[in-house]
Visitor: 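One structure, pasted below without further comment.
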Amino acid sequence: MPVYLTNATRKSGLDGRALKRTLETLLGAVGEKGSSVSLSLVRDPAIRAINGEHRGKDSATDVLSFPLLDDPSEATPAGVERLLGDIVVSVDTAARQAVEYDATIAAEVDRLMIHGILHLLGHDHMEPDERARMEAEERRLADVIGMPWPYR
């Protein structure tokens, strides 16, 4: 189960191997053990450009997800890599949010990876009932990796 990691933030202090292990654990917890995900760690200018290009928003954001499967519940043919999609995290925004939550930057990036994976699997938070389901799953996944949930 490969996690493809691109780190454009070499001096962030984040441990890429630890992030990959956490992402693999999270994939197993959502029933996607053996599936692949691409994780890119970027700075605010890069995520702002991506946000503008794909969402028409001229601002930095914390995490963007780009699912590759139209229907994640469909099986992938045997012998074909199951690539769920791409998660892009702004380490700059994560660092600011970590201060707000009194968390480490690594914990905030873990939280954003949880959020990103759920978007890859079709979860959303636009409507109150969808938001409640997604937040419940976020809390469950935080428990799986032993992370205190910042929203209390």
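Residue indices begin at 1 and follow the sequence shown.
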Visitor: For A75 and R82, which heavy atoms make the closest approach, and how far apart are they?
Guide: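 For A75 and R82, the tightest heavy-atom pair comes out as C-NH1, 4.3 Å.
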Visitor: Once salt bridge (charged side-chain N to carboxylate O under 4.0 Å, His left out) is applied, do any residues pair with R21, and if so which ones, sequence neighbours excluded?
Guide: none
Visitor: For L23 and I117: C-alpha separation, side-chain torsions, deciding distance, then whether side chain to side chain contact (heavy atoms under 4.5 Å, CB included) applies.
Guide: CA-CA 9 Å; L23 198 47; I117 286 172; 3.2 Å; yes
Visitor: Just by distance, do the side chain of N51 and the backbone of S59 share a donor-acceptor pair under 3.5 Å?
Guide: yes
Visitor: What is the distance from atom OG1 of T22 to atom CE of M113, rounded to the nearest 0.5 Å?
Guide: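 Those atoms lie 5.0 Å apart.
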Visitor: Please determine whether side chain to side chain contact (heavy atoms under 4.5 Å, CB included) holds for the pair E137 and V30, giving the CA-CA distance in whole Å, both sets of side-chain angles, and the decisive distance to 0.1 Å.
Guide: CA-CA 9 Å; E137 186 64 356; V30 295; 4.0 Å; yes
Visitor: Starting at CG of L14, measure out to CD of E108 and round the result to the nearest 0.5 Å.
Guide: 11.0 Å
Visitor: Are L83 and L26 linked, directly or through intermediate hydrophobic residues, by side-chain heavy-atom contacts shorter than 4.5 Å (ILVMFWY only)?
Guide: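 In one cluster with L26: L83, no.
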Visitor: Specify the closest pair of heavy atoms between A60 and T93, including all atoms of both residues, with the distance to one decimal.
Guide: CB-OG1, 4.2 Å
Visitor: Decide side chain to side chain contact (heavy atoms under 4.5 Å, CB included) for Q97 and R111; before the verdict, give the C-alpha distance in whole Å, the side-chain angles of both, and the deciding distance to 0.1 Å.
Guide: CA-CA 11 Å; Q97 290 175 173; R111 185 187 71 80; 3.4 Å; yes
Visitor: Could you give me the CA-CA distance, side-chain angles and deciding distance for L121 and L84, then say whether side chain to side chain contact (heavy atoms under 4.5 Å, CB included) is met?
Guide: CA-CA 8 Å; L121 296 176; L84 297 179; 4.2 Å; yes
Visitor: More than 12 foreign heavy atoms under 6.0 Å from CG of D129: is that the case here?
Guide: yes
Visitor: Considering residues at least two apart in sequence or located in another chain, which fulfil the salt bridge (charged side-chain N to carboxylate O under 4.0 Å, His left out) criterion with D86?
Guide: none
Visitor: Can you tell me how far CZ of R55 sits from OG1 of T61, rounded to the nearest 0.5 angstrom?
Guide: 6.0 Å
Visitor: Please check if the side chain of E130 supplies one atom and the backbone of E127 the other of a donor-acceptor pair under 3.5 Å.
Guide: yes
Visitor: Any donor-acceptor pair under 3.5 Å linking the side chain of R140 with the backbone of A29?
Guide: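 Flag set: sc R140 to bb A29 pair under 3.5 Å.
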Visitor: Taking the side chain from S12 and the backbone from T9, do they hold a donor-acceptor pair closer than 3.5 Å?
Guide: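 Checking the backbone N and O of T9 against the side chain of S12, a donor-acceptor pair under 3.5 Å is found.
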Visitor: Please check if the number of heavy atoms outside D70 that lie under 6.0 Å from its CG is greater than 12.
Guide: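 Atom CG in D70 is not crowded, with 12 or fewer foreign heavy atoms closer than 6.0 Å.
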Visitor: Starting from L27, can I reach Y4 by hopping between I/L/V/M/F/W/Y residues whose side chains sit under 4.5 Å apart?
Guide: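 Each belongs to a different hydrophobic cluster.
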Visitor: If every non-hydrogen atom of P2 is compared with every non-hydrogen atom of E81, which pair is closest and at what distance?
Guide: CG-OE2, 3.7 Å
Visitor: Could you list who else is in F66's hydrophobic cluster, with ILVMFWY side chains joined at under 4.5 Å, directly or through other members?
Guide: V42, I47, I50, L64, V88
Visitor: For the ring pair H115 and H119, is the centre-to-centre distance below 6.0 Å?
Guide: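 Ring centroids of H115 and H119 are less than 6.0 Å from each other.
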Visitor: Do the side chains of D92 and R96 get close enough for a salt bridge, i.e. N-O under 4.0 angstrom?
Guide: no
